[in-house]
Amino acid sequence: MCGIVAYIGHREVYPILIKGLQRLEYRGYDSAGIAILNGDLKVFKKAGKVSDLNDFAKGKDTGGTVGMGHTRWATHGEPNDRNAHPHYSQSGKFAVIHNGIIENYSSIKAELIKRGHTFNSDTDTEVLIHLIEDIHDNAGVTLDEAVRLALGEVIGAYAIVVLSKDNPRELICARKGSPIVLGVGKDKQEYFVASDATPIIEYTNNVIYLNDGEMAYIKDGQLTVKTIENQVKTPYIHELEMKLEQLEKGGYDHFMLKEIYEQPRSIWDSMRGRIDAKKGFLRLGGIAEYENKFINAKRIVIIGCGTSWHAGLVAEYLIEDLARIPVEVEYASEFRYRNPVIYEDDIVIPISQSGETADTLAAIELAKSKGATIFGVCNVVGSSIPRATHAGAYTHAGPEIGVASTKAFTAQVTVLTLMAMQIARHRGTITDSRYHQLLNELEAIPAKVEIALKTNDICKELAAKFKDAKNFLYLGRGYGFPVALEGALKLKEISYIHAEGYPAAEMKHGPIALIDEEMPVVVIANKNETYEKVVSNIQEVKARKGKIIAIVTEGDTTVKGMADYCIEVPEADDILIPLLSVVPLQLLSYHIAVMRGCNVDQPRNLAKSVTVE
Ligand code: G6P
């Protein structure tokens with residue numbers, strides 16, 4: 001969702017802002033804008049893409065070395081030029097960019113209108129900068145103090161940057177609920193501010209993550225960090241491991257395709273240093289630290305959204321199967337508002353690629369307030385979720401730019417597999433031979449994913465055949481069921497074809513009514529314990545003339561004899577099948593979306609990082 005980039009230093013700021021906004025495009029947005037301080041406080045903003053903003057600014061005076069830029073994903077007010085950020089204060093002396101929602105904006109707005117303020121947009125954000133100016137002028141305080149006092153009055157979530165025409169060497173930013181990363185430039189003489197590290201990494205890998213309720217104030221090259229309650233903090237400078245090449249397409253047409261192809265590597269990275277089959281070694285440091293909690297847990301609750309929720313469903317099967325602890329998997333957005341029963345000895349596992357999903361963060365806070373132990377599984381290092389949890393494991397998939405999650409999903413499933421095995425080992429619920437067999441199989445997975453990627457050509461052929469379908473059904477059982485859900489989600493997200501994932505046997509209770517000769521039905525039919533049952537479900541679809549596309553285990557002959565099309569993936573233990581069978585589903589949806597002319601990496605209306613509820 002909204003993206004923030006800002007800079008204060010000695011370099012020309014415009015190229016930094018435009019490039020930064022392009023790096024933030026992946027988060028999802030519908031308008032963009034920048035403000036530059038140079039004698040005046042100049043704002044340029046436009047609905048549409050960053051390239052539209054760049055065209056609009058061409059030929060205009062964009063000189064200056066202090067500025068900020070924003071990509072807006074509309075919440076309050078439609079996505080047009082007027083509602084795009086930055087927003088000015090009443091006098092035009094101050095400007096703000098904002099990510100989040102000011103929930104009590106209407107009462108503040110009503111009060112400010114009584115005091116003579118007029119507003120130029122329908123946004124909640126504009127209210128904030130008017131409030132800051134009102135406090136600044138009436139209380140006679142410095143700008144940073146006015147920002148601090150204003151933030152004390154607002155309810156909601158925010159990451160903001162404020163600039164002032166009268167204070168040209170000053171930049172203020174603050175966060176609560178939405179992320180802010182500060183990049184510390186050479187000799188601490190220049191600072192970058194952004195929603196995530198992607199706009200910063202080109203210039204520096206020294207970063208400071210602002211904590212919730214903190215603000216940073218940069219004046220004449222001096223950085224001060226304090227809380228909204230006015231307590232000064234000593235910021236810790238982290239070193240980023242991200243590489244610039246990870247943010248480039250590297251010869252691929254789309255980030256999504258690049259990320260699909262990165263999976264043999266990213267899966268390996270998620271296991272690196274954590275397993276060694278020869279030595280019988282498996283260790284996730286975070287779990288080892290909370291060993292007793294896991295051994296004694298009566299229940300594990302997994303929370304997540306979107307693809308991460310699907311990884312959670314795989315984990316439910318894994319943990320119950322191997323570690324014999326009851327698991328519940330919940331949408332974070334439901335969990336946080338339904339007054340769930342949470343015990344102090346529960347372990348809650350939030351799963352998140354971005355580490356910034358607002359609903360997941362709120363669900364964590366709720367579970368924490370009830371005394372549960374929170375163990376996060378997250379991809380983005382230093383993001384809000386890992387910092388809100390007691391312990392956790394990073395998935396180390398590297399930056400994922402395509403909105404449709406691919407390599408992050410397989411890395412999540414890998415880490416969750418390791419987690420289930422480690423807990424099972426601690427609890428004594430896995431035999432030695434099964435443990436060692438699984439370690440060997442896990443180490444073999446990256447090479448098998450490499451083979452699964454060879455299905456690209458057949459996936460492309462099938463995409464050409466089915467790209468005009470109106471609906472798709474995805475069916476699976478056992479470990480194949482979450483894969484079916486994930487396959488359907490991938491297709492919906494990027495090709496805008498309606499698709500449903502269903503447990504294969506449940507099909508009889510509804511979706512079977514939809515099946516006719518027009519309906520492609522993708523069935524996850526790998527050789528496993530439910531194979532025979534899935535074969536029966538395929539017959540049920542065939543009998544109604546549905547077109548079967550089956551994902552099968554190499555060498556399968558039974559399903560091959562009855563399906564219209566088969567895609568073979570290597571054989572693997574049942575519990576590892578999601579890592580292989582999801583690959584052709586990712587490729588199929590990718591090719592369908594490309595053939596339909598869709599914007600694969602930035603599908604309409606979707607955001608990569610959903611920072612509002
Ligand atoms: C958005 C993204 C999905 C992602 C979901 C959860 O909807 O487009 O790809 O699965 O958010 O995000 P998280 O970062 O918490 O995994």
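In listed order, ligands and their atoms are each counted from 1.
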*Using the six-membered ring wherever Trp is involved, compare the ring planes of Y331 and W309 and label them parallel, tilted or perpendicular (cut-offs 30° and 60°).*
parallel
*Would a line drawn from the ring center of H310 to the ring center of F409 be shorter than 6.0 Å?*
no
_For atom 9 (O) of ligand 1, the protein heavy atom that lies nearest, with its residue and separation_ = V403 O, 3.1 Å
*Provide the number and element of each atom of ligand 1 under 4.0 Å from a heavy atom of S352.*
13 (P), 14 (O), 15 (O), 16 (O)
*Are F375 and F294 near enough that their ring centres are under 6.0 Å apart?*
yes
_Please list all pairs meeting salt bridge (Lys or Arg N to Asp or Glu O under 4.0 Å) that have one or both residues in residues 239-250, counting only residues at least two apart or in different chains._
R23-E248
_Would V610 count as a contact residue for ligand 1, given that I'm defining contact as a non-hydrogen atom of the residue lying under 4.0 Å from a ligand atom?_
yes
_atom 16 (O) of ligand 1 [closest protein heavy-atom partner, distance rounded to 0.1 Å]_ = S308 OG, 2.5 Å
_Interfacing atoms of ligand 1 (cut-off 4.0 Å, heavy-atom, T307)_ = 10 (O)
*Tell me which protein heavy atom sits closest to atom 12 (O) of ligand 1, plus the residue, atom name and distance to 0.1 Å.*
T357 OG1, 3.3 Å
*Could you tell me how the ring of Y394 sits relative to the ring of H396: parallel (under 30°), tilted (30 to 60°) or perpendicular (over 60°)?*
tilted
_Checking contacts here: is it the side chain or the backbone of S609 that comes within 4.0 Å of ligand 1, counting heavy atoms only? Could be both or neither._
neither
*Test item: side-chain donor near acceptor, N83 and R72, under 3.5 Å*: no
*asked:* Does any N or O of ligand 1 fall below 3.5 Å from an N or O anywhere on Q353, backbone included?
replied: yes
